[in-house]
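Following: one structure in structure tokens, then a few remarks.
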Amino acid sequence: MTQFINADLHCHSIVSDGTLSPEALALRAKANGVELWALTDHDEIGGQARAMEAARLAGLRYLTGTEISVTFAGTTVHIVGLGMDHTHPALVNGLRTTRGGREMRARAMSDDLLARAGIPGVYEGALKYVDNPELISRTHFARYLVEAGVCKETNEVFRKYITEGKPGFVPHRWASLRDAVGWITESGGVAVIAHPGRYKLTANEEYALFTEFKTLGGQGVEVMTGAHGQADYVKYAEYCKEFGLAASRGSDFHSPEESHTDLGKLPYLPGSVTPVWELLNSRIH
């Protein structure tokens with residue numbers, strides 16, 4: 001049964017906010033029994049050639065990937081793209097535009113942490129953790145705040161700072177859902193709603209998200225992911241059937257020290273769903 005492929009189609013490298021290189025991730029995935037892998041850096045495809053070659057050398061089947069930040073109903077939602085042509089102009093230019101506002105937002109976050117919490121120099125400190133300054137993110141801020149002794153771990157940072165209503169939170173206007181799904185599908189890929197159980201949407205907003213996503217040409221949803229529990233597995237498997245979507249599986253792995261779920265360590269997809277990789281057989285490297 002294709003459900004029982006150990007696929008991990010959501011993780012991050014140093015090209016965005018992970019701590020391992022694409023090459024190290026490929027080796028870790030292989031060691032953990034992953035059979036089909038995708039690197040899905042935030043709003044970036046700069047690591048794709050490296051990941052593809054590393055997967056080839058490790059004997060891993062590979063799908064290109066990215067994770068695009070979207071604003072929907074005033075909330076940041078993530079859309080994973082799988083199997084797309086990572087050199088396609090619509091995708092490359094769209095992601096460049098999406099990345100463009102990150103530095104300005106990061107400086108404003110740093111200013112707010114100084115003004116409201118008396119913590120200086122956070123922008124400069126976070127830059128030490130950034131391989132690509134265009135992709136500075138809250139995760140880089142969290143790592144610096146742990147290094148500086150403000151918090152003991154990154155989870156504590158997200159409880160006390162840089163989330164809505166806390167010091168250091170600055171909203172950012174990301175791509176639209178239409179943009180993200182369009183860039184992915186125009187470049188030959190499949191669009192997937194990432195970890196839907198994480199979003200603070202009302203039931204009506206979540207239903208609207210799935211409805212609009214499907215109407216725009218979206219084809220998948222993450223059912224098994226590091227942010228989901230057993231109830232989420234059941235709920236989003238049902239959503240697959242209700243909305244006619246394929247199911248995806250991905251750990252959202254960022255770092256050996258920070259991530260609760262390692263590459264390849266999720267439960268298999270339930271037998272009642274269509275795995276997203278069945279839509280992508282011709283795109284697997």
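All residue numbers refer to positions in the sequence shown, counting from 1.
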Side chains of Glu186 and His88, donor plus acceptor under 3.5 Å: no

Joint hydrophobic cluster, Leu263 plus Leu266, side-chain heavy atoms closer than 4.5 Å: no

Sidechain N-carboxylate O distance under 4.0 Å for Lys235, Glu206: yes

side-chain contact (heavy atoms from CB on, under 4.5 Å) evaluation trace for Arg283 with Asp85: CA-CA 9 Å; Arg283 307 293 297 179; Asp85 172 4; 4.0 Å; yes

Atom pair NE2 (His78) and CD (Glu222), whose distance is rounded to the nearest 0.5 Å: 11.0 Å

Pair Phe141 and Tyr144, ring centroids less than 6.0 Å apart: no

Test log, rule side-chain contact (heavy atoms from CB on, under 4.5 Å), inputs Leu20 and Phe253: CA-CA 10 Å; Leu20 300 182; Phe253 180 81; 3.9 Å; yes

Close side-chain approach of Glu205 and Leu209, heavy atoms under 4.5 Å: no

Any side-chain heavy-atom pair of Phe169 and Arg116 under 4.5 Å: no

For Val80 against Leu9, the heavy-atom pair lying closest together: CG1-O, 4.2 Å

Test item: Gln48 and Leu39 side chains (from C-beta on) under 4.5 Å apart, heavy atoms: yes

Qualifying residue for side chain to side chain contact (heavy atoms under 4.5 Å, CB included) with Ile45, from Thr66, Thr64, Thr87: Thr66

Minimum heavy-atom distance Ala247-Val273, with the two atoms named: CB-CG2, 3.6 Å

Cluster link Leu127 to Val15, ILVMFWY, side chain under 4.5 Å: no

Minimal non-hydrogen separation, Leu63 against Gly83, with atom names: CD2-CA, 4.0 Å

Hydrophobic cluster membership, Leu269 vs Ile193, 4.5 Å side-chain cutoff: yes

Salt-bridge present (Glu147, Arg143; N to O < 4.0 Å): no

Closest contact, heavy atoms only, Arg249 versus Pro267: NE-O, 2.8 Å

Spacing of CG belonging to Asp232 relative to NE2 belonging to His195, to within rounding of 0.5 Å: 12.0 Å

Linked hydrophobic residues, Leu114 as query - side chain contacts closer than 4.5 Å: none

Residue pair Gln219 / Val276, side-chain heavy-atom distance below 4.5 Å: no

Close side-chain approach of Val150 and Lys160, heavy atoms under 4.5 Å: no

No-hydrogen, no-angle side-chain donor-acceptor test under 3.5 Å, Glu53 and Tyr62: no

Flag side-chain contact, heavy atom, 4.5 Å: Asp252 against His12: yes

Hydrophobic cluster membership, Leu27 vs Ile14, 4.5 Å side-chain cutoff: no

Least distance between heavy atoms, Trp37 atom then Pro22 atom: CH2-O, 3.5 Å

Exercise: identify the closest heavy-atom pair between Val221 and Pro196: CG2-CG, 3.7 Å

Output field: ring centroids Tyr236/Phe243 closer than 6.0 Å: no

Qualifying residue for side-chain hydrogen bond (donor to acceptor under 3.5 Å, both in side chains) with Ser251, from Asn32, Asp8, Thr261: Asp8

Pair Trp277-Thr2, side-chain donor/acceptor within less than 3.5 Å: no

Leu201 CG to Phe210 CZ distance, which is reported to the nearest 0.5 Å: 9.5 Å

Chi angles and distances behind the side-chain contact (heavy atoms from CB on, under 4.5 Å) call for Glu103, Tyr123: CA-CA 9 Å; Glu103 182 184 0; Tyr123 174 76; 3.4 Å; yes

Side chains of Tyr239 and Leu245 in contact at under 4.5 Å (non-hydrogen atoms): no

Contact check, side chains of Leu177 and Val77, non-hydrogen atoms, under 4.5 Å: no

Ion pair Arg102/Glu134, N-O distance below 4.0 Å: no

ILVMFWY cluster, Leu216 and Leu82 together (side-chain gap under 4.5 Å): yes

